[in-house]
Q: 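Attaching a single structure in structure tokens format; questions to follow.
Residue indices begin at 1 and follow the sequence shown.
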Amino acid sequence: MPDVNQSSSSGFILQGFSDYPDIQIPLFCLFLLIYLLTLQGNVLILIVIYQTSLLHIPMYFFLCNLAFIDMFSSSVSQPKLLSMLLGRDNTISFGGCMTQLHSFMSLTCVEFISLTVMAYDRYVAICNPLRYLIVMNKRVCVVLVIACWMFSLAEPMLHTLFISHLPFCRSQAIDHFFCDPSILLTLSCANTFSVQLLTYVLCSLVALPAFALTVASYTYIISTILKIHSATGRKKAFSTCTSHLTVVSLFYGTIIITYMRPTSQYSSNLSKPFSFLYTALIPLINPFIYTLRNKDIKTHISNIIEFKRSRLQLAGSAL
């Protein structure tokens, strides 16, 4: 019988995309490009909002918070994945695996809550515009963001603690590119029913209220927009929500498809592409969704690019 403490002492082996040995370097180049574009896109949003005083309003404050979440989310698994593809170093220590697990669950939790807060922000802006800056004042915005992060960092701790005390004696190989909680449960030789039940309870405490509040916010928003008599007014009101609604749909869709099923029905062939979608591609897509569908940000990005181009031309002519 395998030693139940073996995995705890020697860690795990992430299999990642080792099924495709002939394209490891092309995959490394592709994933590196995605990771760098993710960081660049989100940093660009932060810089534009920071440098533009007209964008110092609650909606863009919460967008900055989402940009930070996207950068952290992509950084939980992507650096290790790139290291695996380039150097074939597929090992991860037990402590590193548990840290990655907690970081992944915390960032998923904070994105659930942050998207809900952004939906509420849009609700106040459209349904109660005259009191918008009073209700969503600076103090309220800061408290909401701090509360999101504090709750999200604390909520998965019990879950992580329970998983860390499981005996992993079936295998050290994790058929994924990061320490996915579903796979870790399948590797344990103990009865994991209580941990699975705790998972569903804790996820329900976050996801269900977040989903319900988001749906309620958009129900009131759509109802209010439909009462606007001007077609231009309706279009303008919808345009402030479509970006957020697109991001919410992508995030909820991938999470539901990947995790809303019993562990016994887990499939790495299905999980890997969807996990890559919400850990790497969605953080990449989000900045483009907000910039392409947001006239204010597009205008200010164009102004910054034009300003830098003019400075380069002046510097060139001076030489």
Q: If every non-hydrogen atom of T279 is compared with every non-hydrogen atom of S275, which pair is closest and at what distance?
A: OG1-O, 2.6 Å
Q: May I have the step-by-step check of side chain to side chain contact (heavy atoms under 4.5 Å, CB included) for L185 and L166, ending in yes or no?
A: CA-CA 8 Å; L185 293 179; L166 289 173; 3.8 Å; yes
Q: Checking S230 side chain against T232 main chain: does a donor-acceptor pair fall under 3.5 Å?
A: yes
Q: Just wondering, do N42 and L284 contact through their side chains at under 4.5 Å, heavy atoms?
A: no
Q: For the residue pair Y278 / T108, report whether a side-chain donor-acceptor contact shorter than 3.5 Å exists.
A: no
Q: Could you walk me through whether K138 and L133 pass the side chain to side chain contact (heavy atoms under 4.5 Å, CB included) check?
A: CA-CA 8 Å; K138 184 177 180 180; L133 293 179; over 6 Å; no
Q: Same hydrophobic cluster for L208 and Y200, using side-chain heavy-atom links shorter than 4.5 Å among ILVMFWY?
A: no
Q: Taking the side chain as every heavy atom from C-beta outward, state whether T214 and V248 have any pair of such atoms under 4.5 Å apart.
A: yes
Q: Given side chains that start at C-beta, do those of P181 and F104 come closer than 4.5 Å, heavy atoms only?
A: yes
Q: What is the minimum heavy-atom distance between L14 and M84, and which atoms define it?
A: O-CE, 3.6 Å
Q: Same cluster for L245 and M59 if Ile/Leu/Val/Met/Phe/Trp/Tyr side chains link at under 4.5 Å?
A: yes
Q: When you look at OH of Y132, are more than 12 heavy atoms from neighbouring residues, nucleotides or ligands closer to it than 6.0 Å?
A: yes
Q: Assigning hydrophobic clusters by single linkage (Ile, Leu, Val, Met, Phe, Trp, Tyr; side-chain heavy-atom cutoff under 4.5 Å), is I57 placed with V143?
A: no
Q: Please determine whether side chain to side chain contact (heavy atoms under 4.5 Å, CB included) holds for the pair S164 and F94, giving the CA-CA distance in whole Å, both sets of side-chain angles, and the decisive distance to 0.1 Å.
A: CA-CA 8 Å; S164 68; F94 184 81; 4.2 Å; yes
Q: What pair of heavy atoms forms the shortest contact from C179 to L101, and how long is it?
A: O-CD1, 3.7 Å
Q: Report yes if some heavy atom in the side chain of V140 is under 4.5 Å from a heavy atom in the side chain of P58; otherwise report no.
A: no
Q: Looking only at non-hydrogen atoms, find the nearest pair between L82 and Y35 and report the distance.
A: CD1-CD2, 4.1 Å
Q: Quick one: pull up CH2 in W149 and CG in L107 and give me the separation to the nearest 0.5 Å.
A: 5.5 Å
Q: Check for a donor-acceptor pair, side chain of S223 on one end and backbone N or O of T219 on the other, with a separation under 3.5 Å.
A: no
Q: Any donor-acceptor pair under 3.5 Å linking the side chain of Q15 with the backbone of A173?
A: no
Q: Indicate, with yes or no, if the rings of F31 and F17 have centres closer together than 6.0 Å.
A: yes
Q: Can you tell if the side chain of F28 reaches within under 4.5 Å of the side chain of I23, non-hydrogen atoms only?
A: no
Q: Are the side chain of R122 and the backbone of I221 linked by a donor-acceptor contact shorter than 3.5 Å?
A: no
Q: Please name the pair of heavy atoms, one in L250 and one in I289, separated by the smallest distance, quoted to 0.1 Å.
A: CD1-CD1, 3.9 Å
Q: Indicate yes or no for a side-chain donor-acceptor contact from K80 to the backbone of S75 under 3.5 Å, with no hydrogens or angles considered.
A: no
Q: Do the non-hydrogen side-chain atoms of L213 and Y120 ever get within less than 4.5 Å of each other?
A: no
Q: Out of curiosity, N191 CG to Q196 CD, how far, rounded to the nearest 0.5 Å?
A: 8.5 Å
Q: Would you say M105 and M71 are hydrophobically clustered, going by side-chain heavy atoms of ILVMFWY under 4.5 Å?
A: yes
Q: Not counting sequence neighbours, which residues clear side-chain hydrogen bond (donor to acceptor under 3.5 Å, both in side chains) with S114? List them please.
A: N65
Q: State which residues pass side-chain hydrogen bond (donor to acceptor under 3.5 Å, both in side chains) with Y218; sequence neighbours excluded, sorted by chain then number.
A: H244
Q: Any donor and acceptor pair, going by atom type alone, linking the side chain of K272 with main-chain N or O of G16 inside 3.5 Å?
A: yes
Q: How long is the gap from CG on L27 to CZ on F177, to the nearest 0.5 Å?
A: 11.5 Å
Q: Return yes if some donor-acceptor pair links the side-chain N/O of T192 with the main-chain N/O of V195 below 3.5 Å, else return no.
A: no
Q: Mind listing the closest non-hydrogen atom pair of L153 and H102 along with its distance?
A: O-NE2, 3.0 Å
Q: Would you say that R131 contacts V124 through its side chain, given a criterion of any heavy-atom pair below 4.5 Å between the two side chains?
A: no
Q: Regarding S74 and Q78, do their side chains bring together a donor and an acceptor under 3.5 Å, going by distance alone?
A: no
Q: Please check if F72 and M150 belong to a single hydrophobic cluster, counting links between Ile, Leu, Val, Met, Phe, Trp and Tyr side chain heavy atoms closer than 4.5 Å.
A: yes
Q: For H56, does the NE2 atom sit with more than 12 other heavy atoms under 6.0 Å from it, leaving out its own atoms?
A: yes
Q: Could you give the distance from CZ (F12) to CD1 (I92), rounded to the nearest 0.5 Å?
A: 9.0 Å
Q: Going by atom types only, do N128 and Y123 share a side-chain donor-acceptor pair under 3.5 Å?
A: no
Q: Return yes when atom OH of Y220 has more than 12 non-hydrogen atoms of other residues, nucleotides or ligands closer than 6.0 Å, and no otherwise.
A: no
Q: Is any side-chain heavy atom of I174 closer than 4.5 Å to one of D180?
A: no
Q: Roughly how far apart are L281 CG and I34 CD1, rounded to 0.5 Å?
A: 5.0 Å
Q: List the steps, then state whether side chain to side chain contact (heavy atoms under 4.5 Å, CB included) holds for F162 with M157.
A: CA-CA 9 Å; F162 275 27; M157 282 185 176; over 6 Å; no
Q: Only one of F151, F211, F251 clears ring-ring contact (aromatic ring centres under 6.0 Å, His included) with F112; which?
A: F251
Q: Any side-chain to backbone donor/acceptor pair from S106 onto S103? Under 3.5 Å, distance only.
A: no
Q: What distance separates Y252 OH from L115 CG, expressed to the nearest 0.5 Å?
A: 6.5 Å
Q: Determine yes or no for a side-chain-to-main-chain donor-acceptor pair under 3.5 angstrom, with T186 supplying the side chain and I183 the backbone.
A: yes
